[in-house]
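No hydrogens, no waters, no symmetry mates; every other heavy atom, side chains included, goes into these values.
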Amino acid sequence: MKGIDSIFLACFLVSAFACFLASAFDPSPLQDFCVAIDDPKDGVFVNGKFCKDPKLAVADDFFFSGLNKPGNTYNRVGSNVTTVNVDQIPGLNTLGISLVRIDYAPYGENPPHTHPRGTEILVVVQGTLYVGFVTSNPENRLITKILYPGDVFVFPIGLIHFQYNLGNTAAVAFAGLSSQNAGVITIANAVFGSNPPINPDVLTKAFQLDKNVVTHLQSIF
């Protein structure tokens with residue numbers, strides 16, 4: 001991870017873990033919904049994964065390698081998120097914490113999105129980021145900050161937030177999340193790229209747009 005102080009990163013990871021230690025489990029659902037059934041033989045285990053016998057646990061159950069490698073930012077938004085959650089580290093199961101690396105191309109962004117099951121704490125290690133989140137209805141207040149290397153910012157659980165690289169060079173940030181599987185809903189993708197598509201009349205009225213604009217947006221997401 002050229003140009004990034006590994007000691008600084010290690011300190012961040014330790015502090016992030018300390019922040020979440022007070023609530024190091026997931027008390028809320030770890031899936032989008034859970035439909036009740038009468039016959040348990042047709043059921044699935046929820047709010048986590050099946051647990052391995054502790055006697056069979058090995059070091060690799062708690063290990064991931066690769067966060068030193070930049071993600072591919074060659075896409076429409078100019079960013080890449082490398083996720084390290086329970087799917088990458090099985091030992092995170094029930095511990096209520098995960099981590100991501102975010103790479104930004106020059107003037108790239110991590111577009112407006114939410115994490116339905118986790119608060120995010122982000123630290124910039126390279127570049128300059130314009131970040132912010134929007135509070136819930138009815139205020140919808142925008143809270144923003146420009147971050148430089150070493151700066152830390154918190155995005156409260158469930159609120160729409162974003163990061164934008166203000167510089168003409170690449171930027172890198174790391175973030176801890178207070179869930180082993182925080183989930184992510186990218187607003188534009190969810191609204192204009194749903195499957196099947198939302199009726200354009202609904203979006204035309206909701207966003208006060210021409211219907212042709214709505215159908216165009218639906219065609220590109």
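At a threshold of 4.5 Å between side-chain heavy atoms, the hydrophobic network of Ile, Leu, Val, Met, Phe, Trp and Tyr places Leu122 and Tyr130 in two separate groups. Val172 and Phe64 fall within a single hydrophobic cluster, where Ile, Leu, Val, Met, Phe, Trp and Tyr side chains are chained together by heavy-atom contacts under 4.5 Å. Hydrophobic cluster membership differs between Leu147 and Ile160, with clusters built from Ile, Leu, Val, Met, Phe, Trp and Tyr side chains linked at under 4.5 angstrom. Criterion: ILVMFWY side-chain heavy atoms under 4.5 Å apart, direct or through other members. Under it, Leu166 and Leu142 are part of a common hydrophobic cluster. No path of Ile, Leu, Val, Met, Phe, Trp and Tyr side chains, each step under 4.5 Å between heavy atoms, connects Phe207 with Phe162, placing them in separate hydrophobic clusters.
Side-chain contact between Leu159 and Thr114 is absent, with no heavy-atom pair separated by less than 4.5 Å. Side-chain contact between Val100 and Val84 is absent, with no heavy atoms from C-beta onward closer than 4.5 Å. Between Asn110 and Val77, the closest side-chain pair of non-hydrogen atoms is not below 4.5 Å. Contact annotation: the side chain of Pro149 never approaches that of Val125 to less than 4.5 Å [non-hydrogen atoms, C-beta and beyond]. The shortest side-chain heavy-atom distance between Gln218 and Leu203 falls under the 4.5 Å cut-off. For the pair Arg117/Asn181, a side-chain contact is recorded, criterion being any heavy-atom separation below 4.5 Å from C-beta on. Inter-residue side-chain proximity for Ile102 and Asn80 is flagged as unmet; no heavy-atom pair is nearer than 4.5 Å. Taking 4.5 Å as the limit, every side-chain heavy atom of Tyr148 sits out of range of all side-chain heavy atoms of Val124.
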Step-by-step side chain to side chain contact (heavy atoms under 4.5 Å, CB included) determination, Leu177 to His115: CA-CA 9 Å; Leu177 295 121; His115 300 294; 3.7 Å; yes
Side chain to side chain contact (heavy atoms under 4.5 Å, CB included) assessment of Val131 paired with Phe155: CA-CA 9 Å; Val131 307; Phe155 304 105; 3.9 Å; yes
Intermediate values then yes/no, side chain to side chain contact (heavy atoms under 4.5 Å, CB included), Ile97 and Asn85: CA-CA 8 Å; Ile97 191 170; Asn85 61 21; over 6 Å; no
Verdict with supporting geometry, Ile220 and Phe192, side chain to side chain contact (heavy atoms under 4.5 Å, CB included): CA-CA 8 Å; Ile220 63 177; Phe192 296 107; over 6 Å; no
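Scanning both residues, Ala170 and Pro106, for their nearest heavy atoms gives N-CG, 4.1 Å. Ala190 and Ile185 get closest at one heavy-atom pair: CB-CG2, 3.8 Å. Looking at every heavy atom in both residues, Ile143 comes nearest to Thr135 through CD1-CG2, 4.1 Å. The nearest pair of heavy atoms linking Ala173 to Leu129 is CB-CD1, 4.1 Å. Closest non-hydrogen pair, His113 versus Val184, comes out as CD2-CG2, 3.8 Å. Heavy atoms only, all atoms of each residue included: Ser179 and Gly118 are closest at CB-CA, 4.4 Å.
For Asn165 (side chain) and Ala105 (main-chain N/O), a donor-acceptor pair under 3.5 Å exists by modelled atom type. Asn75 places a side-chain N or O within 3.5 Å of a backbone atom of Ser79 that can act as its donor or acceptor partner. With hydrogens and angles disregarded, a donor-acceptor distance shorter than 3.5 Å links the side chain of Arg101 to the backbone of Leu67. With Thr186 contributing its side chain and Ala188 its backbone, the two residues share no donor-acceptor pair below 3.5 Å.
The closest side-chain donor-acceptor pair between Tyr104 and Glu109, if any, does not fall under 3.5 angstrom. Between the side chains of Asn93 and Gln180, at least one donor N or O lies within less than 3.5 Å of an accepting N or O.
Put simply, NZ on Lys145 and CD on Gln163 are 16.0 Å apart, with the number rounded to the nearest 0.5 Å. Here the CG-NE2 distance, from Leu209 to His216, works out to 11.5 Å after rounding to the nearest 0.5 Å. In this structure, the separation between CG on Leu95 and CD1 on Ile89 is 10.0 Å, given to the nearest 0.5 Å. In this structure, CZ on Phe174 lies 8.5 Å from OG1 on Thr82, to the nearest 0.5 angstrom.
Because its NZ or CZ atom is not both nearer than 6.0 Å to the ring centre of Phe133 and within 45° of the ring axis, Arg141 does not count as a cation-pi partner of that residue.
Under the side chain to side chain donor-acceptor pair (under 3.5 Å) criterion, Lys211 pairs with Asp201, not counting sequence neighbours.
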